Peer 1: 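Dropping the structure in here first, questions after.
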Amino acid sequence: MTRSRAAPHPLLLATLALASCGGTRNDITLRPVPAACSLAGPVDHLVVSALGDLAPGPGLSATVAADGTIALGPLPQAVRVLTVEGFAADGTRVGIGQTAPFLLGQIANGPMAVAYGAPDSPCASVGPLHAPRWGHLATPLQSGLLLITGGRDAGGPVTTLELYDPAFALFVRAGDLDPAMAIGHTATPLADSTLLIAGGAGEDGPASNRSAWFVHTGAAAGPTGLLGEARAFHSAVILPGAEILLSGGCSEVRGDDCAPGTLLATSELYDPSSRTYRPGPPLLRGRSHHQAILRSDGTVLIAGGRIEGGAATDGEIVDPVASHAIGAILPAAPMAALDAGGVVLAGGELVAASAVLLLPSPTEAPLPLGALGSPRARPTVTRFLDGDVLVVGGADQQGAASGAVDLIDAAGAVRALAPTLPRVGHTATLLPDGSVVIIGGRDASGAPRGDAQLFVHSLLGPHAAPPAQTFTDGEPGLLLPRRPDRMKRAGGMLSLTAPDPGDGRPPELALVRGMAPLTVEVSVRAGRGVEGVGAAVIVGWLGDASYLYVEFQPGIPVRVGRVVSNAVGASLVVRDSQCTGETLGEAQLPVDDLALLRVVSFGTELQAWTGSKMVLNCVPSGGVPRGLVGVGTLGGEVLFDDLTAVRR
């Protein structure tokens, strides 16, 4: 096989070539594409690694000179991701990137994208867009492409549909949208690989009651049905049963806002199987421009946006089954859901603000985390695969587009990064490869932007294998706490404290960022504070209402608890009667000292060890789901050190 010897380019494509030579051989070559990201320095050598549902081992990583050829193989079928790291001559890492997840047996001919650039420094430009715009949507499709719909330009509504292809860092025209739906619609991907476009409006006037779907041929076809109410600037979220909840909005549009007196406090449910709508639960108040986030207990958090006369300073939790809502005190600010179950809010809605807040749960008061580097209204807030959060652009205190960029790390610290191109009314969307693409918006003069940027941050993701975590004071670390104010580092150890024992589940916990293994071994040295109850090792975390954990509590048998959502808006702890082990002694989880705990998940079988002694070996009912892992306290203070999560 002939391999390209082209020098690495700041934005690379990895081509995975398959050839049968007495077995399957998988060779990887890299070739440049006509786009550029800035790097932190010249590249001396590259390291390419293959990750997946397997432990790291020989043949899964290769190091070559900057102008060399990279070959890995033969690769196991369990490989899911390729990572690329560029290093300077002194060993400094100056560039990173990775592919989107893939299956070796299902790779089509052609390139696999690697958005490769300096960490936390956006590319100068990718694209450009065919139609400059702001106020648009960017929706990921199952194919890995990104569909750009609607928005405005200097002349009014934009009807051009575009697809962003990460494999070539280019935008491709994909048909046109009904002009009466171009502003304020929602776009929701469906399980059949189509995408539902609902509602919206034209330049000014009544909202639309139409819906359409985008199909792979690149056309917006419709109507699929009529909404019960015409609405624009509403929200859409996919529910566990595959229905889509459309909430709020308004019945008439003026410019980029709703006409006075037209806000809606209604919702409706779209059934993809029948392509019909039916009335949904009423909202506590009418609002527009808000966000809706599905929680793991099946409820929907609706927050932010605008109400009559100003910004919404409250939120609500909607139960789609019981058809009711309860209030939640929240500022009007863009938000993003976090892995540990909370929501982070940053900036303001109509007025520039710098506050960064964490809402751990709807029953707890917002927790201040810090401040953005500069006040902004309507920045984008996007969660990376590793749990960190990117805040980009928005309007400054004078109402002009800002180029400010901030990073909120997993421990809640806020850090201002180097500014980038000014944008407001843009989108920032997480791509399958873990990068974020920032598209369009308005510039500082108010003109629509026709460019896009890529932001590469971290190689942590579902298939990563992070190193041991030793909790040195002051380091951000690899952990994502439920509440940063209850996780402390002292004396080289991690301390988690819970004021109340709760209902038996870990009331406070910290997750290992990013990694969601199928099989894993978690080891940690743990001990209790004076009033510590016990420790938990978490496996298969899917959300705060869906995970598995192993309890280590002196005087009680080691056992397995499973948190499940027994009804929309509720969850409970179910202990597996088949998973009860030996009673733990005081020395196996001591006070003011540490002892080794170890949990091994084989996907179906679960083992627990204290020191060199196995204290539990069982097959949990329902198995162990693929999810995040972590540690927690069952009450009081528990100390941890030398946490290691290893993919088996």
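Nothing here was measured: the structure is a model prediction, and the numbers come from that model.
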Peer 1: Say you draw a straight line from CG of Leu146 to OG1 of Thr429; how long is it, rounded to the nearest 0.5 Å?
Peer 2: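 OG1 of Thr429 is found 5.0 Å from CG of Leu146.
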Peer 1: Quick one, Asp314 and Arg285 - any side-chain contact, counting heavy atoms below 4.5 Å?
Peer 2: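 Sidechains of Arg285 and Asp314: in contact.
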Peer 1: Determine yes or no for a side-chain-to-main-chain donor-acceptor pair under 3.5 angstrom, with Glu308 supplying the side chain and Pro260 the backbone.
Peer 2: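 Checked: no pair found.
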Peer 1: Does Asp297 reach the main-chain N or O of Val568 with its side chain, forming a donor-acceptor pair under 3.5 Å?
Peer 2: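 No; judged by distance alone, with no hydrogens or angles, the pair does not exist.
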Peer 1: Begin with the C-alpha distance, continue with both residues' side-chain angles, and end with the deciding distance and a verdict on side-chain hydrogen bond (donor to acceptor under 3.5 Å, both in side chains) for Ser296 and Asp544.
Peer 2: CA-CA 6 Å; Ser296 64; Asp544 56 357; 2.5 Å; yes
Peer 1: Step by step, work out the side chain to side chain contact (heavy atoms under 4.5 Å, CB included) result for Ile238 and Leu294.
Peer 2: CA-CA 8 Å; Ile238 304 174; Leu294 178 68; over 6 Å; no
Peer 1: How about Pro189 and Leu147: do any of their side-chain heavy atoms sit closer than 4.5 Å?
Peer 2: no
Peer 1: Please list, chain by chain and in numerical order, all residues satisfying ring pair (Phe, Tyr, Trp, His ring centres under 6.0 Å) with His289, sequence neighbours excluded.
Peer 2: Phe233
Peer 1: Checking the side chain of His290 only, and the main-chain atoms of Ser247 only, is there a donor and an acceptor separated by less than 3.5 Å?
Peer 2: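 At least one qualifying donor-acceptor pair exists.
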Peer 1: Evaluate the side-chain proximity of Arg383 to Leu430: yes if any heavy-atom separation is below 4.5 Å, no if none is.
Peer 2: no
Peer 1: Distance check, rounded to the nearest 0.5 Å: Arg505 atom CZ versus Arg575 atom CZ?
Peer 2: 10.0 Å
Peer 1: With a 4.5 Å cut-off on side-chain heavy atoms, are Leu163 and Leu141 touching?
Peer 2: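 Leu141 reaches Leu163 side chain to side chain.
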Peer 1: How close do Pro360 and Arg482 get, heavy atom to heavy atom, and via which atoms?
Peer 2: CB-NH1, 3.6 Å
Peer 1: What distance do Gln578 atom CD and Ser621 atom OG have between them, rounded to the nearest 0.5 Å?
Peer 2: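 Between atom CD of Gln578 and atom OG of Ser621 there are 8.0 Å.
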Peer 1: Is it the case that the side chain of Thr382 and the backbone of Ala428 share a donor-acceptor pair, with hydrogens and angles ignored and the cut-off at 3.5 Å?
Peer 2: yes
Peer 1: How far apart are the closest heavy atoms of Leu104 and Leu75, and which atoms are they?
Peer 2: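 Closest approach of Leu104 to Leu75: CD1-O, 3.8 Å.
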Peer 1: Any sub-3.5 Å donor-acceptor pair from His234's side-chain atoms to Leu264's backbone N or O?
Peer 2: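 Absent.
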Peer 1: Excluding sequence neighbours, so at least two apart, what forms side chain to side chain contact (heavy atoms under 4.5 Å, CB included) with Ala311?
Peer 2: Ala332, Glu349, Leu350
Peer 1: State, to 0.1 Å, how close Ala312 and Arg287 come at their nearest heavy-atom pair, and which atoms those are.
Peer 2: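 That would be CB-NH1, 3.5 Å.
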Peer 1: Using side chain to side chain contact (heavy atoms under 4.5 Å, CB included), reason through Val574 and Asn566 one step at a time and then give a plain yes or no.
Peer 2: CA-CA 10 Å; Val574 177; Asn566 58 319; over 6 Å; no
Peer 1: Using modelled atom types and a 3.5 Å cut-off, is there a donor and acceptor pairing between side-chain atoms of Glu162 and backbone atoms of Phe171?
Peer 2: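 No; zero donor-acceptor contacts below 3.5 Å.
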Peer 1: Quick one: closest heavy-atom pair of Ile317 and Leu301, and the distance?
Peer 2: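 Residues Ile317 and Leu301, closest heavy atoms: CD1-CD1, 3.4 Å.
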Peer 1: To the nearest 0.5 Å, how far apart are NE2 in His185 and CG in Leu196?
Peer 2: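 One gets 10.5 Å once the value is rounded to the nearest 0.5 Å.
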Peer 1: Main chain of Met515, side chain of Arg647: is a donor-acceptor contact present, judged purely on distance under 3.5 Å?
Peer 2: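 No.
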Peer 1: Any idea how His457 and Phe384 line up, ring-wise: parallel (<30°), tilted (30 to 60°), or perpendicular (>60°)?
Peer 2: parallel
Peer 1: Is it true that a side-chain atom of Arg210 and a backbone atom of Ser208 form a donor plus acceptor pair closer than 3.5 Å?
Peer 2: no
Peer 1: We want to know whether Ser361 and Thr363 form a side-chain donor-acceptor pair, criterion being a heavy-atom distance below 3.5 angstrom.
Peer 2: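 Thr363 and Ser361 do have a side-chain donor-acceptor pair below 3.5 Å.
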Peer 1: Are Cys250 and Leu263 packed together at the side-chain level, in the sense that at least one heavy-atom pair is separated by less than 4.5 angstrom?
Peer 2: yes
Peer 1: Can you see which heavy atom on Asp204 is nearest to which on Gly255, and at what distance?
Peer 2: OD1-N, 2.5 Å
Peer 1: Does Phe214 have any ring pair (Phe, Tyr, Trp, His ring centres under 6.0 Å) partners at least two apart in sequence or in another chain, and if so, which?
Peer 2: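 Phe214 satisfies ring pair (Phe, Tyr, Trp, His ring centres under 6.0 Å) with no residue once adjacent residues are dropped.
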Peer 1: Using a 3.5 Å distance criterion without hydrogens, assess whether the side chain of Glu268 forms a donor-acceptor pair with backbone atoms of Gly228.
Peer 2: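 Pair found, side chain donor or acceptor close to backbone of Gly228.
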Peer 1: So, do Val560 and Leu548 sit near enough that their side-chain heavy atoms are less than 4.5 Å apart?
Peer 2: yes
Peer 1: With side chain to side chain contact (heavy atoms under 4.5 Å, CB included) as the criterion, how do Tyr270 and Thr188 come out once you've worked through the C-alpha distance, each side chain's angles and the decisive distance to 0.1 Å?
Peer 2: CA-CA 11 Å; Tyr270 173 77; Thr188 311; over 6 Å; no
Peer 1: Find out whether Val512 and Leu628 are in side-chain contact, i.e. whether some heavy atom of one side chain is under 4.5 Å from a heavy atom of the other.
Peer 2: no
Peer 1: Once rounded to the nearest 0.5 Å, what's the spacing between atom CG of Asp319 and atom CZ of Arg295?
Peer 2: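 If we round to the nearest 0.5 Å, Asp319:CG and Arg295:CZ are 11.5 Å apart.
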Peer 1: Could you walk me through whether Thr266 and Arg231 satisfy the side-chain hydrogen bond (donor to acceptor under 3.5 Å, both in side chains) test, starting with their C-alpha distance in whole Å, then the side-chain angles of each, then the deciding distance to 0.1 Å, before giving a yes or no?
Peer 2: CA-CA 10 Å; Thr266 60; Arg231 62 181 76 227; 3.1 Å; yes
Peer 1: Who pairs with Trp134 by ring pair (Phe, Tyr, Trp, His ring centres under 6.0 Å), at least two apart in sequence or on another chain?
Peer 2: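 For Trp134 there are no ring pair (Phe, Tyr, Trp, His ring centres under 6.0 Å) partners, ignoring immediate neighbours.
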Peer 1: Please enumerate all residues that pass side chain to side chain contact (heavy atoms under 4.5 Å, CB included) together with Asp153, with sequence neighbours excluded.
Peer 2: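 Checked Asp153 against side chain to side chain contact (heavy atoms under 4.5 Å, CB included); matches are Val158, Pro448.
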Peer 1: Please name the residue in the list Val343, Asp388, Val389 that meets the side chain to side chain contact (heavy atoms under 4.5 Å, CB included) test with Leu338.
Peer 2: Val389
Peer 1: Backbone N or O of Met335 within a donor-acceptor pair of the Gln291 side chain at under 3.5 Å?
Peer 2: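 The answer is yes, because a donor-acceptor pair under 3.5 Å joins these two groups.
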Peer 1: Carefully, step by step, assess Tyr549 and Val573 under the rule side chain to side chain contact (heavy atoms under 4.5 Å, CB included).
Peer 2: CA-CA 10 Å; Tyr549 64 97; Val573 176; 3.3 Å; yes
Peer 1: Which value, rounded to the nearest 0.5 Å, describes the distance between Leu385 atom CG and Asp339 atom CG?
Peer 2: 9.0 Å
Peer 1: With heavy-atom distances below 4.5 Å as the criterion, would you say the side chains of His463 and Asp53 are in contact?
Peer 2: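 With C-beta onward as the side chain, the pair touches.
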Peer 1: My understanding is that only residues two or more places apart in sequence, or in another chain, count here; which of them pass side chain to side chain contact (heavy atoms under 4.5 Å, CB included) with Gln142?
Peer 2: Ser193
Peer 1: What is the minimum heavy-atom distance between Gly632 and Pro506, and which atoms define it?
Peer 2: CA-CB, 4.3 Å
